[in-house]
Amino acid sequence: MEGYLDVLIFLIAGFSFPIVNLFISRLLRRDNPRPEKVTTYESGMVPFGDARVKFHIAYYFFALLFVVFDVETIFLYPWAVVFRQVDQVFAFWEMFVFIGILVVGLIYAWKKKVLTWV
Amino acid sequence: MLELAAGQGGMPDWLWNFILAALKATGVLAFAMASAGLLTWVERKVAARIQRRRGPEVVGGPWGVLQPLADGVKLFAKEDVMPRAVDRWVWALAPSVIFFPVIMVFLVIPLDPKFGALRDLNIALVYLAAVTSFTVLGIFMAGWGSNNKYSLIGAMRAIAMIVSYEIPLVLSVVGVVLAAGSLSLVDIVEAQDEMWFIIPQFLGFVVFYIASLAELNRTPFDLVTGESEIVMGYLTEYSGIRAGLMIFSEYIGLLATSLVAASLFLGGWHGPFGTDSVVWLLLKAFFLVFVAMWIRWTLPRLRIDQVMNLGWKFLLPVSIANVVLTGAWIMVR
């Protein structure tokens, strides 16, 4: 686990660097909030309604497809690492079937017009 | 690094490792900020050359090279307006969440044949995929926290695009992993001793580069900050140093991605005539950065349906075919 100390330090450094910059900036800048200044920007109009509006269903389709495909692509990494060390013919056809199922899923989504942005 | 860590008289090992890691992080931060500042200047110079505009030339120094310094001072001294309607903590933490993944990428990049990487993780590619996906979270925090219609639309577009291009990106690297037989970036660079992977993995490189441009929201994939329709996307409600940090993290991300691409496909530190060193890595990475700028100032912006078509109907099938072909080639050989 020792090797991951660096990862932790980098995470903390990367996360806190913007915060440190904000503190430095706070010493240098002036803050003068006025009621007009702190309104939500909407090209100069008075904002109306809630910003959290309903979204097109296509966004959710793509999110679901992403979950399916991304989880399965991660399985390819361990396969690719050991591919040269194991029985390659067996490993190749096994992964061929696996990718084949993925491709069938892609074609299904394609034919169902899920991939078409309307 | 292990030889250094051993036998630091009087100091416990964990403390020494801690100091070493902190020094590495400081070095990376300094390098990243310096190069990001430089890149903002280079980008404007390239834009000026390509589009026959006027670039920065007034502020000072030869060719206006002090421009980033003036911009930095301006960003620090500008008022940080926090709109009344924002979700305070989500909005305030978003720049940090967008910033830290790009810094963490530098940890595993192989720098020099003798030195290796700052930390040569044996699962570097999985680490990169895991770390860089935090950016999506930061973008959504910025978009949702801003409570602004432009911000939310920009963030939704960014998420839809980034998650779509994540799959071709991850798949395009599988070909490299197959060829090198390792997930460690140092091993992958060492495996390119005889031939750079761009030659056998040309399809993989093309997919990787296009998908990285989308991950970085760069033109032609900059519909998430399309000025003509949604102002500045998820950056709309940020001002002063916060906006500056988010723009800086885009430039650092461009450099980090180019470093990864140079390590994966262009042979990393390998140079001709036995001159392997970090200089070659930087040259290759900055060349890829230049290509990204070249693309940005040449191509128009895509619409979201075009972006989705390109990702799902072209890049994904191509990257799947690349994996199968590479596997078959290794099997047959």
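If you're wondering where the values come from, they're calculated on a predicted model, not measured in any experiment.
- Listed by sequence position, B:Leu316, B:Pro317, B:Ile320, B:Val323, B:Val324 are the residues of residues 315-325 of chain B in contact with chain A, using a 4.5 angstrom heavy-atom cutoff.
- Between A:Arg84 and B:Ile330, the closest heavy-atom pair is NH2-CD1, 3.9 Å.
- Aromatic ring centres of B:Phe99 and A:Phe17 lie closer together than 6.0 Å.
- For a residue to count as touching a neighbouring chain, one of its non-hydrogen atoms must lie under 4.5 Å from one of that chain's; by this rule B:Val163 touches chain A with backbone and side chain alike.
- Using a 4.5 Å cut-off between heavy atoms, B:Met33 touches chain A through its side chain atoms alone.
- Residue-environment remark: CZ (A:Phe75) stays at or below the threshold of 12 foreign heavy atoms within 6.0 Å.
- With a 4.5 Å cut-off on non-hydrogen atoms, B:Leu171 touches chain A through its side chain but not through its backbone.
- In this structure, chain B has a heavy atom under 4.5 Å from the backbone of A:Arg30, while its side chain stays farther away.
- Looking at A:Phe15 and B:Val97, their side chains come closer than 4.5 Å, going by heavy atoms from C-beta outward.
- Contacts between B:Glu237 and chain A at a heavy-atom distance below 4.5 Å involve the side chain alone, from C-beta outward.
- No side-chain heavy atom of A:Arg29 sits less than 4.5 Å from a side-chain heavy atom of B:Phe76.
- Only the side chain of A:Tyr59 comes within less than 4.5 Å of a heavy atom of chain B; its backbone N, CA, C and O stay farther away.
- With a threshold of 4.5 angstrom between heavy atoms, B:Arg303 does not approach chain A through any atom at all.
- Counting heavy-atom neighbours within 6.0 Å of B:Phe31 CZ, excluding the residue itself, gives a total above 12.
- Heavy atoms of A:Phe55 lying under 4.5 Å from chain B belong exclusively to its side chain.
- When heavy atoms are compared at a cutoff of 4.5 Å, B:Asn309 approaches chain A solely by way of its side chain, counted from C-beta outward.
- Both the backbone and the side chain of B:Leu178 have a heavy atom closer than 4.5 Å to some heavy atom of chain A.
- With a 4.5 Å cut-off on non-hydrogen atoms, A:Val103 touches chain B through its side chain but not through its backbone.
- Heavy-atom distances place both the backbone and the side chain of B:Val170 under 4.5 Å from chain A.
- Nearest approach of A:Ile9 to B:Ala25, heavy atoms of both residues: CG2-CB, 4.2 Å.
- Among the candidates A:Val67, A:Leu76, A:Leu11, A:Asp70, the residue making the largest number of heavy-atom pairs closer than 4.5 Å to chain B is A:Leu11.
- When each of A:Pro18, A:Ser16, A:Pro78, A:Ala13 is checked for heavy-atom pairs under 4.5 Å with chain B, A:Pro18 comes out on top.
- Formation of a donor-acceptor pair under 3.5 Å by the B:Arg119 side chain with backbone atoms of A:Val7 is not found in this model.
- Closest approach of A:Leu22 and B:Arg242 over heavy atoms only: CD1-NH1, 3.4 Å.
- The part of B:Met308 that comes within reach of chain A is its side chain, from C-beta onward, which places non-hydrogen atoms under 4.5 angstrom from that chain.
- Across all their heavy atoms, B:Phe100 and A:Gly14 have their closest contact at CB-C, 3.4 Å.
- Annotation: maximal heavy-atom pairing with chain A below 4.5 Å, among B:Met82, B:Lys149, B:Met246, B:Glu79, occurs at B:Glu79.
- With a 4.5 Å cut-off on non-hydrogen atoms, A:Leu65 touches chain B through its backbone and its side chain both.
- Here the CZ atom belonging to A:Phe66 is positioned 5.0 Å from the CD atom belonging to B:Glu166, to the nearest 0.5 angstrom.
- Judged by distance alone, the side chain of A:Ser25 and the main-chain N or O of B:Ile241 form no donor-acceptor pair under 3.5 Å.
- For B:Tyr127, the part sitting under 4.5 Å from any heavy atom of chain A is the side chain, from C-beta outward, and nothing else.
- Interface summary for chain A: among B:Ala85, B:Ala21, B:Ser96, the most heavy-atom pairs under 4.5 angstrom belong to B:Ser96.
- Only the side chain of B:Ile123 comes within contact range of chain A, with at least one heavy atom under 4.5 Å from a heavy atom of that chain.
- Most heavy-atom pairs under 4.5 Å with chain A: of the set B:Val81, B:Val126, B:Ile304, B:Thr236, this distinction falls to B:Ile304.
- Comparing B:Trp144, B:Phe18, B:Phe134, B:Tyr150 by how many heavy-atom pairs each has under 4.5 Å with chain A, the most go to B:Trp144.
- Residues A:Tyr77 and B:Val174 meet the side-chain proximity criterion, which asks for heavy atoms closer than 4.5 Å.
- When every heavy atom of A:Phe10 is checked against every heavy atom of B:Ile103, the shortest pair comes out as CD2-O, 3.7 Å.
- At a 4.5 Å heavy-atom cutoff, the contact between B:Lys78 and chain A is made by backbone atoms alone.
- For the set A:Leu102, A:Thr73, A:Asn32, the entry with the most heavy-atom pairs within less than 4.5 Å of chain B is A:Asn32.
- Taking the ring centroids of A:Phe69 and B:Trp312, they lie under the 6.0 Å cut-off.
- Only the side chain of A:Ile99 comes within less than 4.5 Å of a heavy atom of chain B; its backbone N, CA, C and O stay farther away.
- Of the listed residues (B:Thr326, B:Asp305, B:Val231, B:Asn147), the one with the most heavy-atom contacts under 4.5 Å to chain A is B:Asn147.
- In terms of heavy-atom pairs under 4.5 angstrom with chain A, the leader among B:Gly311, B:Ala32, B:Ala179 is B:Ala179.
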